[in-house]
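As the structure lists them, so they are numbered: ligands from 1, and atoms in each ligand from 1.
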Amino acid sequence: MPTRHDDTSSPEAKPSLNAVRERIHTRNAGDHDFLQAVDEVFESLEPLVAQEPEWLDDALLDRICEPERQVVFRVPWTDDAGRVHVNRGFRVQFSSALGPYKGGLRFHPTVTLDTVKFLAFEQTFKNALTGLGLGSGKGGSDFDPKGKSDAEIMRFSQSFMTELWRHLGDETDVPAGDIGVGGREIGYLFGQYKRLRNRHESGVLTGKSPSWGGLDVRTQATGYGVAYFAETMMDARGGTLHSATCVVSGSGNVAIYAIEKLQAFGATVVACSDSSGSVIDPDGIDVAWLREVKEVRRERLDAYAAERPAASYRPGEGVWDVACDAAFPCATQNELGEEDARMLVANGVRCVAEGANMPCTPEAVHVFQEAGVAFAPGKAANAGGVAASGLEMRQNAARERWSFERNDEQLRALMADIHHASASAAARLGRPNDLVLGANVAGFERVAEATRALGVV
Ligand code: NDP
Ligand code: 2IT
């Protein structure tokens, strides 16, 4: 039995799971999103710890819930008119037990340290589920890319990397994209890193363009992965998405490629949204046109509806009131609440798969579970993005480049593995259909075993 050198656990008696949870709440008071994510994992740990109380030893849970390092920094930049602005940059390096810190960067005006900490915490279990030897982290800034010129985005990205580079490395910390950070931003970030380090260190960022070291399929991977996971989940329950009517929230990277793959399966996606409103297109969303509007022209969704006679645009509205068989929240955290869940259930939804990170509130998840809806939690269902990032890192390290088809096949197999790991853990604990429980426990066991094996570090 290792000696305890901390004051977080008593040598006499095991702390209860609840006592640990309360300690984490006290230490992180006010961090709403982070504590919501912690509580969800702890709810899943209850049946595990009841069977295997040794997980409570040696402040293991306290260590897993405390980031290894948190960096907060100033990002000054100049706009096209010569005015100077200051934003705040973040990188939370949560766990390196399984591999280098790994996780995306988010540029959005709502980003705080709490946001980044919650995302990095979720990433810990998600990355463990991929089985690819990835630690966890997340970063970003409260910078708002909307309405900024390319030159402003470039100057901001360069200033951001001018601080961040010293914390990165292909074996240390490997960022990628997230909300507001796509191929364009990754290009500018990589360019500045390369300049500062004087090394073409391909594996330091993922989500690069395939023309200079990126992985064919990384752009599509999160959205495709969500569709693969949902189809696998439905198949395991004797169903399919092949002729399903679906709704997807968001119209960014994850949403676009989820829509594309669902429609390739034979489903019809009748609605999607952005932060201004939603479109209903009863014949099915035209993905090529959606990409043109959102990725190329960077316009709002009203521009999509303007060119599609059957489509209607609903300013300020979401998509959860639209009747569907399957719903895919792919925009942001806490975008689907209890009332939305009740509306979806009343309208006959059978499958909900989270493309975004923590998009459903805990109350909404309970509504789905009580109604017997097949529910896929984000840390399993959206793991395709980081899994493809893991493949990108491997191919960069080996100086290899696989075909799109080979990467896509590998992605599909990885999503099936993640479903299998999650479903098996859930079955072992007596709740075979509870993938929230299964994903949390399967991810936790992998990261907790490694954390324990590496000693008190
Ligand atoms: P994008 O920036 O490409 O798209 C985000 C979409 O969500 C946009 O349609 C955006 O609307 C909408 N949105 C963002 N924030 C809000 C908000 N506060 N309120 C309403 N709508 C909002 O991001 P991604 O598609 O990459 O990310 C979407 C989600 O998926 C996030 O939760 C992210 O963490 C998660 N995720 C992303 C992965 C990836 O590989 N990119 C991997 C795994 C998870 P608008 O266009 O108006 O801004
Ligand atoms: O939330 C996520 O998993 C991502 N934004 C992708 C992370 C990554 O490193 O590819």
- Would you call Asp173 and Arg69 a salt bridge, taking side-chain N to carboxylate O under 4.0 Å as the test? no
- Query: When you check the gap from the basic side-chain N to the acidic O, do Glu295 and Arg291 get nearer than 4.0 Å?
  - Reply: yes
- Task: Please work out whether the ring planes of Phe143 and Phe156 are parallel, tilted or perpendicular, with thresholds of 30° and 60°.
- Result: parallel
- Item | Cationic tip of Lys146 above Phe107 ring, under 6.0 Å, 45° of axis | no
- Message: Could you check whether Glu68 pairs with Arg63 (Lys NZ or Arg NE/NH1/NH2 to Asp/Glu carboxylate O, under 4.0 Å)?
- Response: no
- Under 4.0 Å from ligand 2 - residues by heavy atom, chain and number: Lys102, Gly103, Gly104, Gln123, Lys126, Lys138, Ala176, Gly177, Asp178, Arg218, Asn357, Gly385, Val386, Ser389
- Message: Under 6.0 Å between ring centres: does that hold for Phe94 and Tyr101?
- Response: no
- Query: Below 4.0 angstrom, N of the basic side chain to O of the carboxylate: do Asp80 and Arg155 qualify?
  - Reply: yes
- Task: State plainly whether the residues Glu392 and Arg218 are in salt-bridge range, i.e. N to O under 4.0 Å.
- Result: no
- Using heavy atoms and a strict 4.0 Å limit, residues surrounding ligand 1 turn out to be Arg106, His108, Lys126, Lys146, Asp178, Ile179, Gly180, Arg218, Thr222, Gly250, Ser251, Gly252, Asn253, Val254, Ser273, Asp274, Ser275, Lys294, Arg300, Cys330, Ala331, Thr332, Gly355, Ala356, Asn357, Asn382
- Message: Between Phe190 and Trp212 (judged by ring centroids, cut-off 6.0 Å), do the two rings come close enough to count as a pair?
- Response: yes
